[in-house]
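Before any comments, here is the structure.
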Amino acid sequence: MKYLPLAFLALSLFACQNKNDQNTTEKEQEQMDIWTIEQSKDWSTKTGWLRGSNFNPSTAINQLEMWQAETFDEETIDRELGWAEDIGMNCMRVYLHHVAWEVDQEGFKERINRYLEIATKHGIKTIFVFFDDCWNPTYQAGKQPDPKPGVHNSGWVRDPGDLLHKDEKLIVELEKYVKDILTTFKDDERIILWDLYNEPGNSGYGNKSMPLLEKVFEWAWEVRPSQPLSSGIWNASLTDLNKFQLDHSDVITYHNYLDPENHQQTIDSLKLRNRPLVCTEYMARRNNSFFQNIMPILKRENVGAINWGLVDGKSNTKYAWDEPIPDGAEPELWFHEIFRSDGTPYQQAEVDTIKSLTGAN
């Protein structure tokens, strides 16, 4: 994975929009249906400080194993969201997948609703993610692969991945999928934000991801849900994608797995956009991105704090991106995750920090 320091991106791209950028005409605003700055700030005031994790139950290796009927694990979801509630978390970021919808449209939506019921019981709102350019390029419905010992996210799958460039008809199905989910849940207060595309341009796609990024915003604007729309920037070298994401998101989301100095610079740059900020991925211990040194910054700056990983499980994200341990031995330092599979904290000091910041008893 390649996460370049976002703070080193030119401020002219990140924040110093010219007057025309800051004051789009009413006609342009209507065509794009982006929230005004006032709307975004009203949302932030109502929402308060978001803090939570990217969530995949420990029994699921990927999005499909989470959402398919045969492996949808309500018991584990309930138990693990209970652990999140206990440390004061109020938001989870959860990935969907179009194949789960394609094979069972109504059942998929029923399971989304059931997940939301469980999350709400624990006082947790949800950010749902549609598309994703990370990890394995191909996928299929049915039984998902077993984890590869010691390999980070060995079974995670892109959506739509390489198939988009091989099947001309897929784009039609993707439009139906996005609009169906958004229409069904467009006024659902249990959903706090729609993350339309995770890390566009990853896996070497670069600007090949731009057409789908543009399309998913267009589809979402046609539905115009009551919740904000966003796509998070993550790599400073992807200037065209970054500009589109920043210019078209209702609230600004971003990923940063680096040290406090870099993270603060990123926040300072993005704040000049004058929209609320949510960090939808952070906390990689090897990279000097810890709860103890990053989460206090995010709270102080009123930036949403969504770390990667809640419970150690089949995704294997306690191992670093590029440092596999083939025999599956315990890494000396966990990369992600807060809890072991039995609910005990990986580091009690981290949980104590989180609870002190969230006000959990």
Hey, can you tell me if [X] and [Y] have their rings parallel, tilted or perpendicular (30° and 60° cut-offs)?
X	Y	value
H248	F244	parallel
F72	W67	parallel
Y177	F131	tilted
H263	Y282	perpendicular

Charged N to carboxylate O below 4.0 Å: is that the case for [X] and [Y]?
X	Y	answer
E85	K121	no
E222	K179	yes
K208	D133	no
R286	D322	yes

For this session: Write out all pairs satisfying salt bridge (charged side-chain N to carboxylate O under 4.0 Å, His left out) with one or both partners inside residues 34-51, taking only residues at least two apart or from two chains.
Result: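 Output for this query is empty, none listed.
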Exercise. Taking the six-membered ring where the residue is Trp, are the ring centres of W156 and Y95 under 6.0 Å apart?
Worked result: yes
Exercise. Looking at residues at least two apart in the chain, or sitting in another chain, which of them share a side chain to side chain donor-acceptor pair (under 3.5 Å) with D342?
Worked result: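 Here the qualifying residues are T344.
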Exercise. By side chain to side chain donor-acceptor pair (under 3.5 Å), which residues pair with T358, not counting sequence neighbours?
Worked result: none
